[in-house]
Amino acid sequence: MALLEIKDLVMRFGGLTAIDHLNMKIEEGTIVALIGPNGAGKSTFFNCVTRIYEVTNGELYFNNEDLRKYDPHEIIKLGIARSFQNLELFDNLTVLNNLLVAQHLKIKPVKTPGVGGILSFFSDMFLLPSTKKVEKEAVMEALKILDLLGLRGIENLLVSILPYGTRKLIELARALITKPKFLMLDEPAAGLNEKEKKELGILLKRIRDELGITLLVIEHDMSLVMSISEYIYVLSFGKPIAEGKPSEVQNNPAVIEAYLGKEEE
Amino acid sequence: MTTFISTIFGLAGMLFFFLAFIKDKPSTKRTYKMLAGAFILLFPFIMTSWVQGINTALVYAILAIGLNILLGNAGQISLGHAAFYAVGAYISSALVLHAELPLFLSILLAGIGTAIVGFLLGTPVLRLKGHFLGIATLGLHVLIYNLVKDKLKGVVFGASAKMPEVHKISYLTKSWEYSLKNSLSSLDYQIEILGKSKPFYYDFVDTITKSIGQITEYFIIFVILVLLVYMARNILRTKVGRALAALRDSEVAARMLGVNIAIFKNIAFGLSAFYAGIAGAIYAHTTGALDETSFELTISLMILAMIIIGGIATIQGAIIGAFFFQVLNMQVIPLIFSSGKGQMLGSTIMGLCVVLAVIFVPKGIVYMLWQMKIKLTQKRS
Amino acid sequence: MAQEKSGLNEAINETVDWETLVIEPSKICRAPKLDGEEVDSQNLALKLNNIDAYYGKVQALRRVSFGVPTGAIVSLLGANGAGKSTTLRVISGMVKAANGDVELFGEKIVHISPEKIVARGLIHVPEGRQVFPELTVEENLKIGSYSVKQNNKERAESIDIVYTFFPKLKQRRNQIGQTLSGGEQQMLAIGRGLMAKPKVLLLDEPSLGLAPVIVKEIFEMLKNLNKQTGMTILLVEQNASKALKISHFGFVLETGKIVMGDKAQVLLANEDIKKAYLGGH
Ligand SMILES: Nc1ncnc2c1ncn2[C@@H]1O[C@H](COP(=O)(O)OP(=O)(O)O)[C@@H](O)[C@H]1O
Ligand SMILES: Nc1ncnc2c1ncn2[C@@H]1O[C@H](COP(=O)(O)OP(=O)(O)O)[C@@H](O)[C@H]1O
Ligand SMILES: [Mg+2]
Ligand SMILES: [Mg+2]
């Protein structure tokens, strides 16, 4: 059984069909890429899976659960995390606080069922030891992730002042810290230079190998896509035009025509 | 002579606050903090004529902290915040008058009650965004204003719309007032009948006796404010505060991380209503005269202006803004325009202040102070 | 990683004559244009002289000096956080330099407000596509032309030109900025910059988030724009090899300092540059 299964997905905005009958199956433990020209519907697909958009038609299953039953804020409980193409960081917070927000569900000083939320609130209000303990754990967790991404030292800076590429990495860190089963990254390499892209490729592989996280990556950098992904879906104008192993897709005439462009030299 | 001393004293106090804020070295900072603390304790005895105005500023500070949680931290606007101020005032009045609960318990319950009202009203209202939210909260204000005018006033207070003396905060020290008055009259007796000379402390005791109610209020409100600041600070630094900031900065990202934004917007509304409720309750138990004019729209707008001038999304900003406005209102304006006209010109000047602040210190006084602090440390290094 | 970088730094320090490079930028600007014509390297559109820039206490630029000859395409390369965006911000007046000056066609512009710099024909398309989220594509474009006072007919012409470069935008002309796909927003940001018919165009990572075909098109377009109109272009790009291929000159920034500058072909062949920025092996 696939981890994510999409059947006949259609997403329309008024007259525009952003996704047109898409089928997709993602097996656990794989790295899958989603590519296609700008405006093909890739980010829209992420928004459908994470329930930000109500799909026009079609079925979405994650781990055999019907995603359509869930609200956007419940998606994370299923183990789905994502990053955004246009950076949706909390700009007025520090890097550390961004990573603490990501542990929102985990930070719960009082775990009593039912009234735990309210008791936690009072514990927070008076900074009781229970609060101090979980806050400290959350901070340690955040520092650990920053270490993993080689970002230590910037934890107390406001994210808005950081260079674009670094902010992209913080979005990755923020998604990772939620310990997802399935991670969807929207153009993670944008704003990184060639060397940094290579390092990112290695990191993404490590995330899959060491943390066992299944990855779905939207990316335009073909060398990165080719080097990390095991399977590729190609969308163009909302329609799936090809899918398959990287080597197959790379040589597919339709993909070259719509997306890659002819090689010059 | 006394005005001279109190002016010097006041300026020194402000200097202490400023230095305690700006200094970096822990030992120096502690010294100035202690001096500022001493200023707070001595203030009502030396600047007695200011106490009433400052009491109002303290209440406004509570209101402003609450609204700032909603506006600055959660990014949701409310133009009708005085409505919650009224709700708090009426709940507390009803509790002491009709349920005969003790004063402080009813203030606390008024806060909680108002928070619940805010939380529930938040549900329909907070679906809206931006200007629509502004208009809806304005509507809320009109609703409650009329409710007070036509119904609550009569139901809670009967015909008089007055809070009996026993339910006022100042009543707590009534016995001290009596004994002070007694000793004053015995002094009077000695001076007038026995012909003794007036002791040097006579005037001092006289003013204190006249203002003991206000001085009591000052200390009580101050303690409540400190408690509320402590709570706000902790809330804003932990889970709830972070969730509010998150939904302000990016709703979609907050949702993806599991923040139920609908509930947290309600919580923001509830929290800020809690502060407004407490402020309203204190207002009820200090002035005692409660009719719809106490909760005019201008109060909502003034609180908004305080936050903007003081510094959005910071607790210090809310407090500084409240004091800035109140001092301007009570002391500076009457000083410039002798009586009568001052009232009219007052609001004009306040409007002007907001405009100037938006132009010159767009992020508020607190940020300006922070900037100064950075500059100072830069120079040293 | 950090060690490797400083290694590169030293290597460059040895091979490059620092003083001439840093102080007199025009010296290294004598080179043939791509199509054979000589670029007049003495005629600088932009000249930066010993720029220092700070964010609060953090120094982002240290004595940055370089020149952009009129009619040339110049690439500014460097790792994340090197100060590329800051350099562009200083030029367009968004960030004030603490020291040094910037000359635009021989006139100092460091103390001039950003709007006035725009009026002198310099447009900065910032990174991360800042389009007006609530306005439609066409309205966004129109705003781009306000600084130069075009009448309705001229404006319509400018819009048409942008649409011929980006047909996708024409399809989406009435959609609001917010709901455009990321790539479409990037096109809109560049298109809006072109609306003012600038003499000097600063582009901060124009290929960010664009599909390979479009990236090719954009670089092609920049080359044509430069050739046909003689527009001077200062380009910041992560996609260094593509950028250098269409550029006449390149400069390399490292932690706020210019560490290298040369003809684009020379940089393309440089081993250190290959290793650090071109993804060479
Ligand atoms: N909320 C929306 N309303 C209208 N059109 C939208 C909306 N969201 C996306 N679109 C359109 O749908 C198409 C697909 O967008 P998107 O998924 O962002 O593309 P990409 O594949 O580049 O990520 C684009 O043409 C975009 O303009
Ligand atoms: N608004 C800001 N406030 C504080 N520091 C900043 C700000 N913008 C950039 N910086 C810092 O300045 C340095 C250079 O940044 P930037 O010019 O954006 O780099 P690049 O564009 O080369 O990636 C970085 O260290 C970055 O953190
Ligand atoms: Mg996209
Ligand atoms: Mg940059």
| message | Within this structure, what is the OG-NE2 distance for the pair B:S92 and B:H285, rounded to the nearest 0.5 Å? | response | 2.5 Å
| message | Using only non-hydrogen atoms and a strict under-4.5 angstrom cutoff, which residues of residues 245-254 of chain B touch chain A? | response | B:A245, B:A246, B:R248, B:D249, B:S250, B:V252, B:A253, B:A254
| message | Less than 4.5 Å to any heavy atom of chain B: does that hold for the side chain of A:L100, its backbone, both, or neither? | response | both
| query | Quick one: what part of A:F84 sits under 4.5 Å from any heavy atom of chain B, side chain, backbone, both or neither? | reply | side chain
| Nearest atoms (heavy-atom pairs only) where A:R51 meets A:P72 | O-CG, 3.5 Å
| field | Residue, of A:L105, A:T50, A:N92, that accumulates the most heavy atom pairs under 4.5 Å with chain B | value | A:N92
| query | Where along residues 165-185 of chain A does a heavy atom come under 4.5 Å of chain B, listed by residue number? | reply | A:R174, A:T178
| note | CG (A:D91) and CG (A:L162) are apart, to the nearest 0.5 Å, by 10.0 Å
| request: Give, for atom NZ of B:K23 and atom NZ of B:K33, the distance between the pair rounded to the nearest 0.5 Å. | output: 14.5 Å
| field | Heavy-atom check, side chain of A:R68 versus side chain of A:L60, under 4.5 Å | value | yes
| remark: To the nearest 0.5 Å, atom CD of B:Q76 lies from atom CZ of B:F264 at 13.5 Å
| Hey, is B:R242 close enough to A:E135 for a salt bridge, meaning N to O under 4.0 Å? | yes
| field | Top of B:I267, B:N260, B:I235 for chain A proximity - count of heavy-atom pairs under 4.5 angstrom | value | B:N260
| B:L271, part contacting chain A, at a heavy-atom distance under 4.5 Å | side chain
| said: Counting heavy-atom pairs closer than 4.5 Å to chain A, which one of B:T238, B:V240, B:L236 comes out on top? | reply: B:T238
| remark: Honestly, the part of A:A81 sitting under 4.5 Å from a heavy atom of chain B is neither
| Shortest non-hydrogen contact from B:F84 to B:A276? | CB-CB, 3.6 Å
| request: Please report the C-alpha distance between A:H104 and B:L257 in whole Å, then the side-chain angles of each, then the deciding distance to 0.1 Å, and finally whether the side-chain contact (heavy atoms from CB on, under 4.5 Å) criterion is met. | output: CA-CA 7 Å; A:H104 178 77; B:L257 297 171; 5.5 Å; no
| query | Just how far is it from atom CD1 of A:I26 to atom CD1 of A:I31, taken to the nearest 0.5 Å? | reply | 11.5 Å
| query | Can B:T123 and B:N266 be counted as having a side-chain donor-acceptor contact under 3.5 angstrom? | reply | yes
| request: Give a yes or no answer on whether the side chain of A:K108 reaches the backbone of A:G116 with a donor-acceptor pair at less than 3.5 Å. | output: no
| note | Bottom line for A:T131: the part with an atom under 4.5 Å from chain B's heavy atoms is side chain
| message | side-chain hydrogen bond (donor to acceptor under 3.5 Å, both in side chains) for A:N47 and A:R82? Distances and angles first, verdict last. | response | CA-CA 10 Å; A:N47 287 335; A:R82 70 172 289 187; 2.6 Å; yes
